[in-house]
Each structure stands twice: as structure tokens, then as C-alpha cells.
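Have a look at the structure below, then the notes.
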Amino acid sequence: MRLALLFGSLTLAFLLAVWTTQVPRPRPAAAPAAAFSAARAMTDIEQIARAPHPVGSPEHARVRAYLTARMTQLGLSPQEQTGPLSPGSIQRLKKAGGDPDAAKNQAINLLGVLPGKDRSQPAVMLMAHYDTVVGSPGAADDSTGVGAVLEAVRAIQARGPVERDLVVLLTDAEELNLDGARIFFGGHPLRDRIGAVVNLEARGGGGRAAMFETGREAGPTVDLFRRAAARADGGTTATSLAVFMYEQMPNGTDFTIPKDRGVAGLNFAFIGRPAQYHSADATPANLDQGALQHLGSQALEAADALLRAPALPARGPNTVYADVFGRWMLSHSAAMGWGLLGLTALFGSFAAWRARRATGLTAGQVGRGLLDGLWFASAGLVLAQAVRLLAGPMSSRAASSETYYVLLRRLPWMEAGAVLTILALTLLFLIGARRSRPRTAAGTIAALTLVVLLIGGFSPVMLGAGLIAAALSLWPVKAPTSVWGGWLGLIALVFLLACAVQGAAPEAALLFVWPVLLAATAAALSALIDPDLTRLSSLFPPAVAGVLGGAWLMAIGHFVFLGIGMDLPGALALIGLLALLFLRPLSPPVGATRPVLIGAAACLILACGLSLAARFAEPTPAVAEALP
């Protein structure tokens with residue numbers, strides 16, 4: 001029965017995660033006037049993304065003329081703002097095969113205003129860029145953003161007069177060096193009137209659109225968005241973890257410029273179908289219209305809420321927030337994280353007290369469970385990186401530009417390989433495979449670590465993880481870890497991690513705080529029902545928590561992998577560790593070891609096969625030329 005609950009929980013969690021990551025159905029052209037319609041936006045996108053239109057090209061001029069006419073139809077009284085391309089932009093354009101001389105080294109923004117009832121109030125800006133890279137029609141990046149802005153303006157007008165001005169800024173030369181945004185916020189008379197920005201972007205060709213970046217001290221802005229997002233088609237995808245992670249990355253969008261000036265706002269993008277990023281395949285026919293619907297609907301509701309609010313949100317402390325299955329948003333103050341950790345400690349202590357009275361649970365058993373979890377995380381990091389090596393160069397930042405885009409096309413294969421790798425390690429962990437052959441486990445990990453360091457490049461993180469995993473494999477153990485010891489040990493490990501992250505970066509701590517609270521709650525309920533964990537009913541709490549918590553973690557893991565998967569697929573080992581919080585008490589009995597071992601081996605073989613197959617499914621240009 002434990003085995004059935006284990007695989008049942010995993011299956012249901014996977015299905016729920018898949019449902020969570022689906023885009024909404026695109027609305028037709030006959031949708032209500034006040035709603036966002038992907039079909040109506042596609043009319044513009046098909047015109048804008050007819051062909052590549054980098055700065056200075058004839059198509060670039062055609063698109064600008066088309067957008068000027070569309071903005072005029074919407075009553076925005078468009079104007080052009082011209083400014084010089086930066087020296088770096090000129091070099092990038094030349095290197096890519098563009099013609100900066102044809103552009104006269106100029107970027108040309110398009111600007112329009114929809115007047116509000118009180119024009120003395122700070123204005124709201126809808127922003128997207130209309131240029132593309134050389135060689136890509138840019139149906140997603142960023143024709144989708146431009147088309148969505150135009151459709152959102154039409155829908156806002158259909159809803160009636162707004163409180164404050166809406167400024168529409170279609171920037172130029174974003175693909176070169178964010179030059180259009182720099183030009184506007186560097187000196188346009190309207191720049192100081194902008195109180196909030198809603199920016200639309202894309203990296204790929206589809207998938208759910210995420211609100212992945214905010215202005216600083218954005219707690220009140222997020223609260224307003226949380227209420228507005230409830231009206232968006234398909235809900236929202238948003239976590240303070242994503243905002244924190246993006247802050248640590250070198251990437252930038254047009255939103256970077258106003259954000260650095262202290263302007264509030266929200267940044268939206270979708271990053272699925274990565275093969276279409278800056279690709280000739282980024283055509284209107286290949287665009288995921290559900291992604292367009294999701295992006296545009298969220299942007300419409302966010303901008304509309306800002307435009308109609310009595311006052312724009314003031315600055316305030318950042319909040320901790322995340323969507324739940326893409327349909328609801330939970331939010332709380334950063335300080336409340338400590339309260340949630342206090343509840344975790346209370347529930348975990350209650351479970352430990354009941355287990356000790358019933359089964360003689362000892363601190364040593366809990367300590368062994370904690371070390372088991374540390375082994376899983378470190379071994380998973382090394383193993384996932386080793387399997388990832390089969391797909392190509394380890395560091396996308398060190399790769400050439402061509403190789404970078406090849407790796408993007410390989411991402412779906414790489415993600416499947418990484419997920420199967422962590423699943424295989426999870427199954428091996430649950431049957432205690434490493435304890436039966438500690439020297440084999442230590443030797444294998446040491447060898448994989450050496451391979452990762454030699455082929456993938458030196459990394460102190462990889463070296464440290466390999467040493468920890470190898471050492472823990474050889475750690476002398478006099479007695480096996482009990483079910484309660486293993487479960488509560490994992491909870492204790494994640495609890496300590498949660499406390500550390502809560503102290504350092506509370507916006508990111510939700511990744512640990514919420515799952516460990518759910519696991520501790522499940523442990524307390526199981527201990528209350530049957531502290532011996534022999535009755536089937538006592539296993540239902542972790543099984544249900546496994547479905548809900550596992551699905552939530554899988555959905556987050558999917559977006560994390562799409563964001564940093566080329567360089568750090570081992571990050572999924574952390575997701576696996578958190579999933580073990582719910583799966584550990586469902587470990588199969590001794591008699592079921594053989595089928596689980598076979599399943600783990602099959603997952604690992606398939607993971608290696610998928611990762612290796614990526615090289616042939618999406619070969620590098622040099623290899624492609626050699627193929628018949």
C-alpha cells in the first residue's frame with residue numbers, strides 16, 4: 001500500500017503540475033469589448049512580425065509607419081522621439097549584420113498618450129519594444145508585447161474614462177542596448193510624470209506569462225496586482241522568489257531603466273518554447289496564442305487597476321508572495337515568515353513527542369535523517385550536472401552566441417533528463433540503496449564529480465557537493481534510520497535552511513518555509529492519527545501533502561529550469577529534496593525494493609539517453625553541416 005500511495009502521489013502531483021502550467025484559451029475576435037482578445041491582437045502581430053525588422057532596416061521603417069497609424073486610430077496622437085544609438089549598440093548591430101548607417105545611428109521611439117480625468121496625477125505607462133534582432137521576425141520578442149499593448153489600450157478605452165493619463169511607449173533598439181528606454185527616461189519631458197510602468201517582454205515563443213520583476217519596495221504595488229490578477233484569464237504566475245532571482249542575474253529589459261530611476265512597476269514575460277528565441281522560426285504562425293492571451297490579459301488588468309486607483313501605490317516593504325497552481329496568489333509580510341517557521345517548529349515538535357512515546361524515536365535517528373537529506377541534495381547536484389554534460393557545453397555564458405541558441409533549443413530535452421535523474425535518485429534514496437553499498441556510492445560520486453570538474457569546468461560548488469556526498473556515503477552507521485527519524489530529520493534540515501534564507505533573503509525563503517510548514521503539519525496529523533504509522537489512515541496526510549506540495553514545487557521547478565537550466569540543472573535537486581519532505585514516510589517496504597530499483601535504473605538510463613539525444617536533435621552549426 002505504501003508503494004501505491006507513493007506512485008499515486010507522484011502521478012497526481014505531476015498531473016496537477018501540468019495543469020498548473022497550461023496557458024488559457026485565447027479569446028476570439030468576438031470577445032466582449034472590455035476583454036483582452038488574442039485574436040484581435042494577432043491582427044497587429046501578423047503585420048508587425050511579417051519579417052525581421054532590426055534597427056535601420058526597411059522593414060523597421062514599415063513597422064514604425066504601421067504602428068503610428070494604429071496608435072492614431074486608438075486616439076493616442078503618436079509622436080516620434082529620436083536619440084543616438086550608443087557606441088556599443090552600433091558595434092552590436094554591425095556584428096549581427098545590420099546597417100547602423102541606414103538608421104543614421106538613431107533610435108526612434110513611438111510615444112502616445114490617452115488622457116485621464118485628472119491630468120495632474122502621475123501617469124501609468126504601458127511599454128514594449130518594436131525592434132527585433134537581425135534574422136528573426138520577433139513574433140514573440142517583442143511583437144507580442146506591442147500587439148498586447150495596443151489591444152490593452154483598446155480594452156481600457158472600452159471600459160470608460162480613467163483617473164490618470166496612460167502613456168504608451170514603444171521603444172526602439174532594446175535588442176541592442178536598451179537604447180530606446182534610455183533615451184526616453186534620459187530626457188523626455190514626460191519622464192518625470194511616470195508613476196508606474198507595465199512592461200511586456202518575451203524570451204521564447206509561448207508558455208504561461210509570469211510577472212517576474214517589480215520596482216523596489218513594491219509591497220503595495222504587488223498587493224494591487226494580486227487583486228487585479230484574479231480577473232486575468234488563466235490567473236497569474238508570480239513569485240517573490242522569481243523577483244529575487246532576477247535581481248541576481250545580469251539580464252535586463254527596458255524595465256531596468258525606469259526601475260533604476262526608482263519608478264514603480266511590473267514586468268511580464270513568457271519564456272516557454274525557448275527554441276524560438278531570436279530565431280527565424282519566431283513567426284506569427286508559430287506563436288502560442290494562449291501565451292499571448294495570458295500575457296495581455298494580465299497586463300490589461302494590471303494597467304487598468306493602476307489607471308483607476310484613487311492613488312498609485314506608494315513605496316512600502318517588499319512582501320513574500322506566490323501563486324498557487326496559477327489561480328490564486330498568497331501573500332504575507334516578510335516578518336510573518338518567522339511566525340510560519342514558529343508553527344513549523346511547534347507541529348514538528350508535537351510529531352516528535354508522539355513518535356518518541358510510541359516508537360522510542362531518538363535524537364540520533366533524527367540526526368541520521370538530517371544527514372540523509374544533506375547527502376541527497378549534494379549527490380543530486382553532482383548527478384544532475386553529470387547527466388547534463390551529455391547535452392553539450394556546461395556554461396552557456398562561456399559558449400559562443402550560436403551555441404547559446406542551440407542550447408536553448410535543447411532545453412526541453414535537458415529538462416526531461418534532469419527531472420528523470422532526480423526521480424531516479426529519489427527512488428534510490430527511498431529504498432536506502434546507498435547504505436547497502438556505501439563504497440560503491442562514494443566511488444561513483446567521486447568519479448562523477450571529477451568528470452563534472454574536468455569537462456564542465458571547475459566549480460567550488462560542485463567540488464564541495466561531491467566531497468560532502470562522498471564523505472556521507474562512507475559515514476559509519478550502526479543502525480538504519482527509522483521512518484520517523486528519516487522524516488523528521490528531513491524536516492529539521494529544511495527548517496534550518498528556511499531559517500537561514502529567511503534571515504538573509506525573506507522574499508526567497510517561501511521556497512523552504514511553505515513546504516516545510518506543510519510537511520510539519522502532515523507529520524503532526526499522522527502522529528495524531530497513529531504515531532506507529534502502521535494504519536493506512538496515518539499515511540494519508542503526507543500523501544495528500546505530496547500531491548499539493550509536489551505539484552507546487554514541480555511548477556516552480558519548471559520555471560526555474562527554463563531560467564537557469566542550461567547552467568545549473570542541479571538546482572532541481574533542491575526541488576527533489578523539498579518533495580522528499582512528503583514522500584519519505586511513503587518509503588516502500590523491503591519486499592518492494594527490487595521493482596523500485598529497476599524503476600530507478602530505467603529512469604537514469606532514459607535521462608542519459610534524452611540528454612545525449614539533444615545533441616542529435618539540435619546539433620550545433622558545425623555538426624549540422626557534417627550531417628547528410
Has the side chain of [X] got a donor or acceptor atom that lies under 3.5 Å from a matching backbone atom of [Y]?
X      : Y      : value
Arg327 : Gly235 : no
Ser89  : Leu85  : no
Ser143 : Ala140 : no
Arg273 : Asn286 : yes
Ser297 : Phe36  : no

Next item on the list: Take Arg388 and Glu415 through the salt bridge (Lys or Arg N to Asp or Glu O under 4.0 Å) test and state the conclusion after the steps.
Entry: CA-CA 9 Å; Arg388 158 67 183 81; Glu415 181 178 19; over 6 Å; no

Next item on the list: Check the surroundings of atom CZ in Arg25: do more than 12 heavy atoms from other residues, nucleotides or ligands lie under 6.0 Å from it?
Entry: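 For Arg25, atom CZ is not crowded (no more than 12 foreign heavy atoms under 6.0 Å).
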
Note to self: Counting only heavy atoms not in Phe14 (residues, nucleotides, ligands), do more than 12 fall under 6.0 Å from its CZ?
What the structure shows: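 Atom CZ in Phe14 is not packed in, count stays at 12 or less.
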
Note to self: Can you tell me how far apart CG (Leu553) and CG (Leu572) are? Round to the nearest 0.5 Å.
What the structure shows: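 Output value for this atom pair is 11.0 Å.
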
Check: Is the centre of the Tyr130 ring less than 6.0 Å from the centre of the His53 ring?
Finding: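 No, too far apart.
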
Next item on the list: Flag the pair Phe270 / His294 as yes when their ring centroid distance falls below 6.0 Å, and as no otherwise.
Entry: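 They do not qualify: ring centres at least 6.0 Å apart.
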
Are a donor atom and an acceptor atom from the side chains of [X] and [Y] found within less than 3.5 Å of each other?
X      : Y      : value
Asp323 : Thr236 : no
Trp375 : Ser473 : yes
Gln276 : Asp281 : no
Thr237 : Arg208 : yes

Note to self: Suppose we screen for side chain to side chain donor-acceptor pair (under 3.5 Å). Which residues come up paired with Glu201, at least two apart in sequence or across chains?
What the structure shows: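 For Glu201 the side chain to side chain donor-acceptor pair (under 3.5 Å) partners, ignoring immediate neighbours, are His129.
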
Test item: [X] and [Y] side chains (from C-beta on) under 4.5 Å apart, heavy atoms:
X      : Y      : value
Val133 : Pro52  : no
Leu93  : Ile90  : no
Leu453 : Met462 : yes
Phe582 : Pro515 : yes

